[in-house]
Amino acid sequence: MSLDAKIPQGNMSEKWSAYKGNVKLVNPANKRKIEIVVIGTGLAGASAAASLGELGYKVKAFCFQDSPRRAHSIAAQGGINAAKNYQNDGDSVYRLFYDTVKGGDYRAREANVYRLAEVSAAIIDQCVAQGVPFAREYGGLLSNRSFGGTQVQRTFYAAGQTGQQLLLGAYSALERQVALGNVTMYSRHEMLDIVKIDGKARGIIARNLVSGKLERHFGHAVLLCSGGYGNVFYLSTNAMGSNVTAAWKAHRNGAYFGNPCFTQIHPTCIPVSGDHQSKLTLMSESLRNDGRIWVPKAKNDNRKGKDIPEDERDYYLERRYPAFGNLVPRDVASRAAKERCDAGYGVGTTKMAVYLDFADAIKRYGKIEAGKNGIINADQDTIIRLGKDVVKEKYGNLFDMYEKITGENPYETPMRIYPAVHYTMGGLWVDYELQTTVPGLYALGEANFSDHGANRLGASALMQGLADGYFVIPYTIGNYLSNEIATASIPVSHPAFEAAEKSVQDRLNHLIQINGTESVESYHKKLGKIMWDKCGMARNEQGLREAIAEIRALRESFWSNVKIPGRVDEMNNELDKAGRVADFLELGELMCMDALDRKESCGGHFREESQTPDGEAQRDDENYSYVAAWELTGNNQWTLHKEKLQFEIVKPTQRSYK
Amino acid sequence: MEHYNMNLTLKIWRQANSGAKGSFETYQVKDISSEMSFLEMFDVLNEQLIAENKEPIAFDHDCREGICGMCSMYINGQPHGPWKQNTTCQLHMRAFKDGDTIVVEPWRSRAFPVIKDLVVDRTAFDRIIQAGGYISVDTGNAQDANALPVPKKDADNAFLAAACIGCGACVAACKNGSAMLFVGAKVSQLALLPQGKPERETRVLNMVAQMDKEGFGNCTNTYACEAECPKGISVANIARLNLEYIHAGLNSE
Amino acid sequence: MTWKQFFSASVGKKFTVALTGIFLILFLIVHAGVNSAIFVGRDDFNNIAHFMSHNYIVRILEIGLFVGIFLHIIQALIVWRQNAAARPVGYHMSKANKNSTWYSRSMGLLGTLILLFLIMHMSHFFVGTKVALYLEDDAPHDLYEKMREVFSNGYIVIIYLISLVALFWHLMHGFQSAFQTLGLNHKRFTPLIKTIGVGYTIIITLLFASMPLAFYFKWIE
């Protein structure tokens, strides 16, 4: 099957309006008869379910948490970008589009990104109308900040809890539709299979996580808004429950998986403290605006950070990238930290951390404050006290969180940070309409691959999730559903539902009957270690080949020796986890295969074989300017399809931050 | 901060399902690092139980960074344990010392029935939001975001109220099992913003009616909710709810 | 919304408790003020007592007072019963002292003690006054003498003092709580209300306590 991205004809800036003007519509009376299943209630899922409910479709929304409000979009800290140009600093739709394509290292589809930039402004309008309390200036208008090294101030934020506020906005819109009867909410439900009839997605099999019973749900279309798969690494900044299962079942049912190896490793996370570690916590990127990153110049320096004199410190980002310094993009900062630690300069007990130091910022702000207050010749103590107050006001909540987790006071000693898996740019391959290769099956938000290329810029994940849910899918889904108005609801007694339910039930029974000796958790940890070591921040051919072999062996061991206590027909957290880890064990192999295929370095994907003489990532546009869309052709056998990327507007250049 | 290891005795509520009669079980865990989070200590215990062919303890958790509101647990007589303005997932074992006994119970409220072990059903909160915890604006209806200036003070107070994570610690802490802090926070957030004004009367009346229907108790201003709230939501939001209610009640026909 | 709906909702019930509470707080000022006349002299006190029991406005207000007390008790009892039902299974271990004061959690108990006291208190003073007024054809009634008689009994004085302790803690929470319920919580005003509440509570309870003590220890004739 050849890939058709269905990009509309015409100028880039007119594609979306032309599409909207010509797309087929479903009349209100028919909408009432059409059912849509939405999986996941994060920014993409909640906004899609609410918007489609408002349009009059009958929506069923599913989440595995106890409430739709818990979805992991809630943890996003920094902000959301929008081309509002409220600051009059030269922002525009074009510039946001350009920055996003460039930031993605030229591996995103231009038309999708342009549309994203176009609808970004409407997202802010919608959220404000819903009562999202964005930060404001004294005049009552919205405040913006610059984020992730962009040259314009286009990031809207609500303290360090932007994701929470946006999600609660979408959640409230969703609950309103629940109250109006347009959306039926199924919380503590997990989708375990897609049901296909005549080649089209027609529903799902879901497991009620409280009773353990399987349920069949029909839908004229199915929307996957199930987030990313960073937890394949075991340790990541994702929530404990974040998983690939919904996307993976779609993949097993014929949906291609796009760019699975594109993973974002975020540079500023709290380091691992020991084997007990269950997840990693992000410290907002905004900290790099004021903190300086360094390691000791000497290897294995065991002195405390604040005892190391200035001239024995290596501010390696400022040294390597004088133009951008500590504000280089995420992928660059992460790799540089890994390079220093691997070379033996790491700090802390595990030696797998670098310092993020606010001492200079405290002094700098202290002097400014002393000047503002008219204190002439302020002594050092006064300056530091005043400076700490400023830093506290800017980053207080992050510093508190750091102290809770590590027991160290970051006002006194430098923070220790290390990169951690944060976001997956890869995901289900979708066309311009967000439809996967299975008709009637759509993927939105982090679950699809489309907008961030090989690296996502800060504050654009929230933008994409809401763009897809509020402003893209309500239009594009009509183009498909307008042909479905004659399709009556298919009763769930249909043989396809029966067969799908049986295969899910068999798999669950199988899992629980293995009754081996090792826990699900131990398999997940082992998989994570393989992935992190060999398909993490730096990858090479040999490592990836080893990883594939190791994952296959681990998968075999899992299916013969995993131990899951309890029963299938009850609440069973271990069984829930087992199903997710089983899917990660398949995905891991595909990620390594994709990384192996892509012999260039780009964005978050760094192939050691492809670097410049001074150790920077070397892209290969001639051979790899494509989206890798993987089709599952048999049990753990894949065929690669390539969607060639056409750059009409942004001409790819090598990124340089020197 | 010095790291240390500890051995602990855990007394944990076990209950097979909502209909079963529960009881406390006692467990021992060894060599728990002071650097672990409380839930990581539970992970260790659960791995131990699985190895012993026993059923692991069911507990709610997801983000483990203090924002999703899914974790609960009444730890040694306090929701989310001994630290102030903190969730269970962010509680670290530094809070305990070698030899301690820790008692862990589920949230106790008629409106939050136990589902299994430490897992409770908090969908009552969702139903309260359904009763009016929103602004009725369909997608696409919005005017320009800066068309309606909001005084910074109101925006900031709305944000502080909106910081609620819906964990239910307020209900768990309150001797009356009242949900007034949760409801007050949402009513306040929307009442403070001009966008929320058109529906402010029906909102407060409907949300309070739903809250009562769910079986939460009545607020008697002990302020235990504020003291135990992981996000430090102020009881001033309850006062604002009261005021909104008087206003709406007297104004309605 | 009907009045019934308004007042039967959780928030509405509390308004009743708060409004009647504030009414009772005001009543206590009048009560303590009038009774303080015992320190001026027997005749002055008896004259005021006579005025209070014969003036029509006061007698109408008195009915209001009883209605107020009755509503305060009834609504508080309903609230208390519903609150007990809101947590059918209690905690094995609870450190409520870490998050709230004992007296804020004990308003029901303190209120019940005050109610029991009121029954005794009314039988001591109120019944006699009314019997003289209505059944004995407005016979002269020396309330001052009656107080001296009652407070000559040490046990009764002790019961009065214990009841005042209950009243003290009831007011310590109730005063500021009433304002919170009526929607007043403000960065500048709330600390003021709290301070006034504490001052009021101390003064009122000390004044009331001084009366039985004054008779018992014969500080006044």
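What you see below is based on every heavy atom in this structure, not just the backbone, and it leaves out hydrogens, waters and symmetry mates. In what follows, chains carry the letters A, B, and so on, assigned in the order in which the sequence lines appear, proteins first and then strands, with residues in each chain numbered from 1.
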Report task. Sort B:Ser18 into side chain, backbone, both or neither according to what part of it lies under 4.5 angstrom from a heavy atom of chain A. Result -> neither

Requested in this report: Give, as side chain, backbone, both or neither, the part of A:Ala122 having an atom under 4.5 angstrom from any heavy atom of chain B.
Outcome: neither

Report summary line: Under 4.5 Å to a heavy atom of chain B? For A:Asn573 that would be side chain

Query raised in the report: Run the side-chain contact (heavy atoms from CB on, under 4.5 Å) check on B:Lys152 and A:Glu137 step by step: do they pass?
Result: CA-CA 6 Å; B:Lys152 183 166 163 50; A:Glu137 305 292 350; 6.0 Å; no

Query raised in the report: By a 4.5 Å heavy-atom criterion (distance strictly below it), what part of A:Glu574 contacts chain B: side chain, backbone, both, or neither?
Result: side chain

Requested in this report: Could you verify whether a donor N or O on one side chain and an acceptor N or O on the other, from A:Lys563 and B:Asn53, lie under 3.5 Å apart?
Outcome: yes

Query - Pair A:Ser67, B:Arg122: side-chain N/O donor-acceptor within cut-off below 3.5 Å - result: no

Report summary line: In terms of heavy-atom pairs under 4.5 Å with chain A, the winner among B:Val120, B:Asp121, B:Ile50, B:Asn157 is B:Ile50

Report task. Would you give the length of the straight line joining atom CG of B:Leu39 to atom CE of A:Met240, rounded to the nearest 0.5 angstrom? Result -> 8.5 Å

**Report entry** Proximal component of A:Glu570, with respect to chain B [non-hydrogen, under 4.5 Å]
**Finding:** side chain

Requested in this report: Report the distance from atom CD of B:Glu55 to atom CG of A:Asn572, rounding to the nearest 0.5 Å.
Outcome: 6.5 Å

Requested in this report: Against chain B, label A:Glu403 side chain, backbone, both or neither, depending on which of its atoms sit under 4.5 Å from a heavy atom there.
Outcome: backbone

Query raised in the report: With only heavy atoms counted, which part of B:Val119 is less than 4.5 Å from chain A, the side chain, the backbone, both or neither?
Result: side chain

Report summary line: Among residues 60-71 of chain B, residues within the sub-4.5 Å heavy-atom range of chain A, in order of number, are B:Asp60, B:His61, B:Asp62, B:Cys63, B:Arg64, B:Glu65, B:Ile67, B:Cys68, B:Gly69, B:Met70

Query raised in the report: Any side-chain heavy atom of B:Gln130 sitting closer than 4.5 Å to one from A:Arg176?
Result: no

Requested in this report: Give a yes or no on whether the backbone of B:Thr139 and the side-chain of A:Glu54 come within a donor-acceptor separation of less than 3.5 Å.
Outcome: yes

Query raised in the report: When heavy-atom pairs shorter than 4.5 Å are enumerated against chain B, which of A:Cys127, A:Ala50, A:Gly131 gives the highest number?
Result: A:Gly131

Report task. Using a cut-off of 6.0 Å, state whether more than 12 heavy atoms not belonging to B:Lys213 lie near its atom NZ. Result -> no

Query raised in the report: Relative to chain B, which segment of A:Leu168 carries a heavy atom at a distance below 4.5 Å: side chain, backbone, both, or neither?
Result: side chain

Query raised in the report: About how many Å separate CG of B:Asn46 and OG of A:Ser519, when rounded to the nearest 0.5 Å?
Result: 10.0 Å

Report summary line: Most contact-rich option vs chain A, by heavy-atom pairs under 4.5 angstrom, among B:His92, B:Glu35, B:Gln189, is B:His92

**Report entry** NZ/B:Lys97: more than 12 non-hydrogen atoms of other groups inside 6.0 Å
**Finding:** no

Query raised in the report: Would you find a donor on one side and an acceptor on the other, under 3.5 Å apart, between the side chain of A:Tyr86 and the backbone of B:Asn146?
Result: yes

Query raised in the report: Backbone N or O of B:Glu47 within a donor-acceptor pair of the A:Glu521 side chain at under 3.5 Å?
Result: no

Query raised in the report: Given that the side chain runs from C-beta out, which part of A:Pro565 has a heavy atom under 4.5 Å from chain B: side chain, backbone, both or neither?
Result: side chain

Requested in this report: Walk me through it: do B:Gln143 and A:Asp125 pass the test side-chain contact (heavy atoms from CB on, under 4.5 Å)?
Outcome: CA-CA 6 Å; B:Gln143 59 180 346; A:Asp125 298 341; over 6 Å; no

Query raised in the report: Side chain, backbone, both or neither: which part of A:Ser278 has a non-hydrogen atom closer than 4.5 Å to chain B?
Result: both

Report summary line: Turns out that what part of B:Ala51 lies under 4.5 Å from chain A's heavy atoms comes down to backbone

**Report entry** A:Gln164 side chain reached by B:Ile165 side chain, heavy atoms, under 4.5 Å
**Finding:** yes

Report summary line: Comparing A:Lys279, A:Arg70, A:Gln65, A:Arg136 against chain B, the one with the most heavy-atom pairs below 4.5 Å turns out to be A:Arg70

Requested in this report: Please tell me if the side chains of B:Asp144 and A:Lys84 come closer than 4.5 Å, counting only heavy atoms from C-beta onward.
Outcome: yes

Query raised in the report: Does A:Arg69 come within less than 4.0 Å of B:Asp126, counting only side-chain N to carboxylate O?
Result: no

**Report entry** Toward chain B, the part of A:Gln165 with a non-hydrogen atom under 4.5 Å
**Finding:** side chain

Report task. Take B:Ile129 and A:Tyr171, measure what side-chain contact (heavy atoms from CB on, under 4.5 Å) needs, and give me the verdict at the end. Result -> CA-CA 9 Å; B:Ile129 297 296; A:Tyr171 159 77; 3.6 Å; yes

Query raised in the report: Does NZ in B:Lys153 sit with more than 12 non-hydrogen atoms of other residues, nucleotides or ligands closer than 6.0 Å?
Result: no

Report task. Look at B:Val150, B:Asn86, B:Val137, B:Ile135 and state which one has the largest set of heavy-atom pairs under 4.5 Å with chain A. Result -> B:Val150

Query - Exam field: side chain B:Lys116 to backbone A:Met571, donor-acceptor pair closer than 3.5 Å - result: yes

Report summary line: Comparing A:Gln177, A:Arg188, A:His72 against chain B, the one with the most heavy-atom pairs below 4.5 Å turns out to be A:Arg188

Report task. Mark yes or no for whether B:Arg94, through its side chain, and A:Lys404, through its backbone, hold a donor-acceptor pair below 3.5 Å. Result -> yes

Report summary line: Greatest number of non-hydrogen atom pairs under 4.5 angstrom with chain B, of A:Ile124, A:Leu142, A:Val132, A:Thr281, falls to A:Leu142

Query raised in the report: More than 12 foreign heavy atoms under 6.0 Å from CD of A:Glu393: is that the case here?
Result: no

Query raised in the report: Where on A:Phe156 is there a heavy atom nearer than 4.5 Å to chain B: the side chain, the backbone, both, or neither?
Result: neither

Query raised in the report: Among A:Ala121, A:Ser273, A:Pro474, which has the most heavy-atom pairs under 4.5 Å with chain B?
Result: A:Ser273

Report summary line: Comparing B:Ala161, B:Pro56, B:Gly166, B:Gly196 against chain A, the one with the most heavy-atom pairs below 4.5 Å turns out to be B:Gly166

Report task. Tell me, out of B:Ala163, B:Gly132, B:Ser33, B:Pro194, who's got the most heavy-atom pairs with chain A below 4.5 Å. Result -> B:Ala163

Report task. Specify the closest pair of heavy atoms between B:Ala162 and A:Pro133, including all atoms of both residues, with the distance to one decimal. Result -> CB-CG, 3.9 Å

**Report entry** Structural part of B:Leu193 lying under 4.5 Å from a heavy atom of chain A
**Finding:** side chain

Query - Pairs of heavy atoms under 4.5 Å with chain B: top-ranked of A:Met401, A:Met185, A:Glu518, A:Gln161 - result: A:Gln161

Report summary line: Most heavy-atom pairs under 4.5 Å with chain A, out of B:Ser136, B:Ala155, B:Ser37, belong to B:Ser136

